[in-house]
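Report on one structure; see the data block that follows.
Naming: A, B, ... by sequence-line order, numbering from 1 per chain. Small disclaimer: the values here were computed from a predicted structure and weren't measured. All values below come from the heavy atoms of this structure, side chains included, with hydrogens, waters and symmetry mates left out.
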There are 2 protein chains.
Amino acid sequence: MQKRMLAAMLPVGQSDQPVRWQQQKSAQTRLRMIIAAMDCLVAGGYGGLTTQQVAERTGISRGAMHHHFPTRLELVTAVIDHVFYERMRLFLEDYLSELGRSTEGELVEIATAAHWRSVQTREYAAYLELAVAARTDPELQQFFEPVARRYDEVWISEMIESFPQWQAQWETMKLANDLAMVAHMGLLLNRPVMGEDRIDRVNALLSRVLRGLYQS
Amino acid sequence: MQKRMLAAMLPVGQSDQPVRWQQQKSAQTRLRMIIAAMDCLVAGGYGGLTTQQVAERTGISRGAMHHHFPTRLELVTAVIDHVFYERMRLFLEDYLSELGRSTEGELVEIATAAHWRSVQTREYAAYLELAVAARTDPELQQFFEPVARRYDEVWISEMIESFPQWQAQWETMKLANDLAMVAHMGLLLNRPVMGEDRIDRVNALLSRVLRGLYQS
DNA sequence: AATATAACCGGCGATATTGCCTGTTTTTTG
DNA sequence: CAAAAAACAGGCAATATCGCCGGTTATATT
């Protein structure tokens, strides 16, 4: 099931593995640049995503950079695709491994805990910077929002198919997912002010609320 | 009660009203610049808060700007103070007026609805941009976080004193407030993707959860 | 092996932003 | 009324970022 989700979010140009040396090297360099750009986002926000920084972190010249991504926006769009794909991949990897490890326990709590862990990854931090910047940058918004909507749709549809036991109350499932999503994002942004203790209490309340939702 | 809250968040230099013409004019110009800076934040994020834009929106030259705020950071700190103060003032104004208008009804729901309205103001949008930028900008963080913590403390302490009927379960009150705070922030950031319908449903669920919290 | 293609390097000009500086007008003070 | 102080205007150098270009090395094609 997770393969279908990932396939639906796969960045363009990554579907077929390269065989030529140059293609492989090119893909590697592109990936290193995208990861460097992600690090720039985490370190300095969208404003800190500068071509010089990316080139320096990647270890290549700005000339080579211009060869792979002629303009900054093209790099940004590649980062957008990569971030959404990796966000979903890492969540599925973590969630499914946790699902196999714990013999029993509430699925809702496992999924909620996995989601909370997923928002603490570097990929989510980069996504957050892009999402916030897209609200005030029309150029970025133009490329970010469509992908964000597609990611949301894939997430919802796959959630429905992955939990057939709750298919009857899939509206409730969507609602619970939305609440966890927005609450976790808010917790992350308020972490410096709130502190870990209050965050843990809110997460405990959230887990209790979501569990109750499915039982009603 | 609200006077004490506001006094605790009052920006420095605004406690005594100016009497001289020049002082008054200077204060007016400074305020216009701060408001223009807020508009810049809402329009283009923290990166869009540029001295040229502020001067242009205010209608003064960059030279006059340098007279009132020698450096960009000094303007930003003034904006920080103003945003927190206005955020609290607008919430209290709206909440208290709504409290006097509706003869009965749950206090929790009225407060929650008022808080949801408060996060849709221009002042909150500016606060959000500053809060997000402060996570990756050490310079901004240095001035933002202390004020944010003080705002949080004033909010909590005043909440406790304003609702003596729930003083016995003030831990629950803090928890409920935290959940509403983070959920509303997350809703706001996910609005472009989620859409109004899902937001309304999450808000309805949130209201139901918070009401239940106080009754248990 | 020779040519073509791709990856990569370093530098240039254009643009934008910041801080500071000099000069002018308006208000306050002695 | 003259001098001092404050509000305001416009310009200049320093810095940073972006897009682009010519040239170089490594790889692929025939």
Side-chain angles (χ1 to χ4, degrees), chain A residues 13 16-37 39-41 43-79 129 133 136-140 143, chain B residues 13 17-34 36-37 39-41 43-79 129 133 136-140 143:
Chain A
D16 47 354
Q17 59 263 31
V19 283
R20 321 273 186 205
W21 270 34
Q22 276 190 339
Q23 288 181 15
Q24 198 169 354
K25 192 173 185 181
S26 177
Q28 277 183 351
T29 305
R30 284 173 62 96
L31 184 59
R32 279 194 304 149
M33 289 170 65
I34 291 174
I35 291 175
D39 291 338
C40 281
L41 279 176
Y46 188 66
L49 174 48
T50 154
T51 57
Q52 287 179 353
Q53 273 290 318
V54 171
E56 190 174 333
R57 285 174 187 263
T58 310
I60 62 173
S61 68
R62 285 189 10 91
M65 178 153 192
H66 180 262
H67 173 71
H68 292 283
F69 297 101
T71 173
R72 193 182 91 109
L73 196 57
E74 297 191 42
L75 170 63
V76 170
T77 58
V79 172
E129 294 297 334
T136 54
D137 190 325
E139 199 180 44
L140 174 60
F143 292 93
Chain B
Q17 56 265 33
V19 284
R20 322 270 187 207
W21 269 36
Q22 274 191 337
Q23 288 182 17
Q24 198 169 354
K25 193 172 185 182
S26 176
Q28 277 183 351
T29 305
R30 285 173 63 98
L31 185 59
R32 280 194 305 151
M33 289 170 66
I34 291 174
D39 291 337
C40 282
L41 279 175
Y46 187 66
L49 174 48
T50 150
T51 57
Q52 286 178 354
Q53 273 290 318
V54 172
E56 191 175 332
R57 285 175 187 263
T58 310
I60 61 175
S61 68
R62 285 190 10 89
M65 177 154 195
H66 180 263
H67 173 72
H68 291 283
F69 297 102
T71 174
R72 193 184 92 110
L73 195 57
E74 297 190 44
L75 170 64
V76 170
T77 57
V79 172
E129 294 296 334
T136 54
D137 189 326
E139 201 179 43
L140 174 60
F143 292 94

Write down the distance between CG (Leu75(A)) and P (dC20(D)), rounded to a whole number of angstrom.
15 Å
Choose from dG19(D), dA7(C), dT17(D) the nucleotide whose nearest atom is closest to any side-chain atom of Arg72(A).
dG19(D)
Shortest non-hydrogen contact between Cys40(B) and Gly48(B), atoms and distance:
CB-O, 3.8 Å
Ignoring the backbone of Arg62(B), work out which of dC8(C), dG11(C), dG11(D) is nearest its side chain.
dG11(D)
Separation of Phe69(A) atom CZ from dC20(D) atom C1', in whole Å?
18 Å
Nucleotide dC18(D), atom C1' - distance to OH of Tyr46(A) in whole Å
13 Å
Nucleotide of dC8(C), dT18(C), dA9(D) approaching Ala64(A) most closely (side-chain heavy atoms):
dC8(C)
Pick the nucleotide of DNA chain D nearest each of Thr50(A) and Gly63(A); which residue has the one closer to the 5' end?
Thr50(A)
Working note: Ile60(B) + Arg32(B), criterion side chain to side chain contact (heavy atoms under 4.5 Å, CB included); need CA distance, chi angles, decisive distance, verdict.
CA-CA 10 Å; Ile60(B) 61 175; Arg32(B) 280 194 305 151; 4.3 Å; yes
The test is side chain to side chain contact (heavy atoms under 4.5 Å, CB included); show your working for Tyr46(A) and Val76(A) and say whether it passes.
CA-CA 10 Å; Tyr46(A) 188 66; Val76(A) 170; 4.1 Å; yes
Per atom distances to the Thr51(A) side chain, the nearest of dT17(D), dT18(C), dC18(D) is dC18(D)
Select one nucleotide: of dG19(C), dA9(D), dT17(C), the one nearest the side-chain heavy atoms of Ser61(B).
dA9(D)
Figure out the CE/C1' separation between Met65(A) and dC9(C), and round it to whole Å.
15 Å
Counting only side-chain nitrogens and oxygens, does His67(A) get under 4.0 Å of the OP1 or OP2 atom of dA7(C)?
yes
Starting at atom CD of Gln52(A), determine the distance to atom P of dC9(C), rounded to an integer number of angstrom.
15 Å
Closest to the side chain of His68(B), out of dA7(D), dC8(C), dC18(D), is dA7(D)
Ile60(A) has its side chain closest, among dT18(C), dG19(D), dC9(C), to dC9(C)
Rounded to whole Å, how long is the line connecting atom CD of Glu56(A) with atom C1' of dC9(C)?
16 Å
What is the distance from CZ of Arg32(A) to C1' of dC8(C), rounded to the nearest Å?
12 Å
Does Glu74(B) CD have over 12 foreign heavy atoms under 6.0 Å away?
yes
N/O donor-acceptor pair under 3.5 Å between Arg72(B) side chain and Leu49(B) backbone:
yes
With nearest nucleotide decided by heavy atoms, which residue, Thr29(A) or His66(B), maps closer to the 5′ end of DNA chain C?
Thr29(A)
Between dG19(C) (C1') and Leu73(B) (CG): distance, integer Å
13 Å
